[in-house]
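To start, the structure itself, in structure tokens.
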Amino acid sequence: GLHCLSGTLEISGTDANTFTGGVLAQNPVLLLNKSAGVTAFGGPLRVGGGDASQKEVRWLQDYQRVGADVTLFSDGLVNLNNHRDEFGPVTFNAGTVATGASGELGVYGLLTVNPSSSPAFITGRLGLPPGLHEFLVSDGAAFPDLQIDALVLGTGHLRKTGPGQL
């Protein structure tokens, strides 16, 4: 896998990355700038953890890793930066997914919010494709546990489970 610890790193180019390991982004900024629809990384994406400073993974093109298994920690920010991508599953240990005004996060797997002292956030535009989409929200010290400040689009249905606050 790829473990980013310091500085700004950019993954770019027109060919798909062939490594299948995960990406652990614990550096200030990781830029994903492959051509739209070209795979920037092959395994799961983990954003944050470690010290309290913000760790950001920022999209510079659409669809950098369709179907990515994404985990965020309290200092993690997935910034779609007005681009689109589709994740599934997504696990929050607090943290934020922000799409911008014209970007969109498509959720294609279980969205889990683990107990935390800080809320998890989804801002911008949230796409729910056809079908039922479970948001399993555990109860932590944060209130609410998951805050969605997003325009919800699509024909899918959100089903909140778990004792946490949405």
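Residues: numbered from 1 along the sequence shown.
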Determine whether a donor-acceptor pair (N or O, by modelled atom type, separation under 3.5 Å) exists between the side chain of Asp145 and the backbone of Pro119. no
Cluster link Val70 to Ile11, ILVMFWY, side chain under 4.5 Å: yes
Remaining members of hydrophobic cluster (4.5 Å side-chain criterion), Leu151: Leu153
Distance from Gln165 atom CD to Gln147 atom CD, nearest 0.5 Å? 12.0 Å
Gap separating the CD atom of Glu56 from the CD atom of Gln54, nearest 0.5 angstrom: 6.0 Å
Rounded to the nearest 0.5 Å, how far does CG of Asn33 lie from CD of Gln64? 7.0 Å
With sequence neighbours left out, write down each residue that passes salt bridge (charged side-chain N to carboxylate O under 4.0 Å, His left out) with Asp75, or none if nothing qualifies. Lys55
Sort and list the pairs that fulfil side-chain hydrogen bond (donor to acceptor under 3.5 Å, both in side chains) and have at least one residue in residues 89-103, not counting sequence neighbours. Asn82-Ser102, Asn93-Asn114
Would you confirm whether Asn79, through its side chain, and Asn81, through its main-chain N or O, come within 3.5 Å as a donor-acceptor pair? yes
Under the 3.5 angstrom rule, does the side chain of Lys34 hit a backbone N or O of Ser12 as a donor-acceptor pair? yes
Parallel, tilted or perpendicular: ring planes of Phe87 versus Trp59, cut at 30 and 60 degrees: tilted
Between CG of Leu158 and CG of Leu132, what distance do you get to the nearest 0.5 Å? 8.5 Å
For Arg65, does its backbone N or O pair with a side-chain atom of Asp85 as donor and acceptor, under 3.5 Å? yes
Quick check against the 3.5 Å criterion: does Arg84 have a side-chain atom that pairs as donor or acceptor with the backbone of Gly103? no
Distance check, rounded to the nearest 0.5 Å: Glu104 atom CD versus His83 atom NE2? 14.0 Å
Short question: side chain of Asp62, backbone of Ala36 - any donor-acceptor pair under 3.5 Å? no
What residue among Leu31, Thr8, Val78 forms side chain to side chain contact (heavy atoms under 4.5 Å, CB included) with Arg58? Leu31
How many angstroms lie between atom CZ of Phe41 and atom OG1 of Thr20, to the nearest 0.5 angstrom? 12.5 Å
